[in-house]
Amino acid sequence: AQSVTQLDSHVSVSEGTPVLLRCNYSSSYSPSLFWYVQHPNKGLQLLLKYTSAATLVKGINGFEAEFKKSETSFHLTKPSAHMSDAAEYFCVVSNPYNFNKFYFGSGTKLNVKP
Amino acid sequence: GAGVSQSPSNKVTEKGKDVELRCDPISGHTALYWYRQRLGQGLEFLIYFQGNSAPDKSGLPSDRFSAERTGESVSTLTIQRTQQEDSAVYLCASSFGTSGGRRGNEQFFGPGTRLTVL
């Protein structure tokens, strides 16, 4: 079975400081993992994805995530937050043996203070 | 190319009425998904279509909800006898939904239909 746990429902950081959004997954198979971002009143946009190549994945807007199998984690990081990063972030695991069905985490709302 | 489109973008209806929501996936995508997102909450899986296979309806919350898809194109989500708790944004997504261990097929999301049941 597949599932995702996003450990923080809300994260608040100051502009220019690092961002860490935590995600742990459970999967019966070697998973594919994704991070999506949803800005207010906007659609979901893919930030980055892990598909079994390099464990450190770089995405758009300076975000990156590291796949750690031993910790079953896929945390999202960014060295320096920008005001435009304020949004909701979803961690997703997919099952490659079930037509890549997606399992969403509950989301983390990121607030960036000036 | 064109992304996933949904219509209408907003729908206000009265309790007890039926509504129909439409999704046009990206051309060539065999997989299509419907999700519901209530205010301030995460995405709730509703139903999934993959090619000619039987749809995965495991997420539909009640028999008032149904969905159809014509081949690998348009899908409609129908909610009968709407209730106030059906108020939400309904999101559609499509992907190259392959199986057999092939991984990494991201889903592309439409802008959603905001449904308000008065």
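Worth knowing before you read on, the calculation uses all heavy atoms, side chains too, and leaves out hydrogens, waters and symmetry mates. In the text below, chain A, chain B and the rest are named by the order of the sequence lines, each starting its count at 1.
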- Item | Hphob cluster co-occupancy, Val4(A) + Leu46(B), side-chain heavy atoms under 4.5 angstrom | no
- Item | Heavy-atom side-chain contact between Phe45(B) and Tyr103(A) under 4.5 Å | no
- Message: With a 6.0 Å cut-off (strictly less than), is the heavy-atom count around CG of Leu39(B), excluding the residue itself, greater than 12?
- Response: no
- Message: With a 6.0 Å cut-off (strictly less than), is the heavy-atom count around CD of Glu85(B), excluding the residue itself, greater than 12?
- Response: yes
- Query: Which answer fits Lys42(A), side chain, backbone, both or neither, if we ask what part of it has an atom under 4.5 Å from a heavy atom of chain B?
  - Reply: neither
- Task: Mind running side-chain contact (heavy atoms from CB on, under 4.5 Å) on Leu43(B) and Leu44(A) for me, showing each step along the way?
- Result: CA-CA 11 Å; Leu43(B) 273 73; Leu44(A) 281 152; 3.6 Å; yes
- Query: Considering all heavy atoms of both residues, which atom of Tyr36(A) and which atom of Glu106(B) are nearest to each other, and what is their separation?
  - Reply: OH-CB, 3.7 Å
- Query: Checking Glu44(B) against chain A: side chain, backbone, both or neither under 4.5 Å from a heavy atom?
  - Reply: neither
- Message: Could you tell me if the side chain of Phe102(A) sits less than 4.5 Å from the side chain of Tyr48(B), heavy atoms only?
- Response: no
- Taking atom CD of Gln83(B) as the centre, report whether more than 12 heavy atoms of other residues, nucleotides or ligands fall under 6.0 Å from it. yes
- Cluster check Leu46(A), Val4(B): I/L/V/M/F/W/Y, side chain < 4.5 angstrom: no
- Determine, using the 4.5 Å side-chain heavy-atom cutoff (strictly less than), whether Met83(A) and Val37(A) are members of one ILVMFWY cluster. yes
- For the atom pair CD (Gln37(B)) and CZ (Phe90(A)), what is the distance rounded to the nearest 0.5 Å? 5.0 Å
- Contact origin within Gln45(A) toward chain B - heavy atom pairs under 4.5 Å: neither
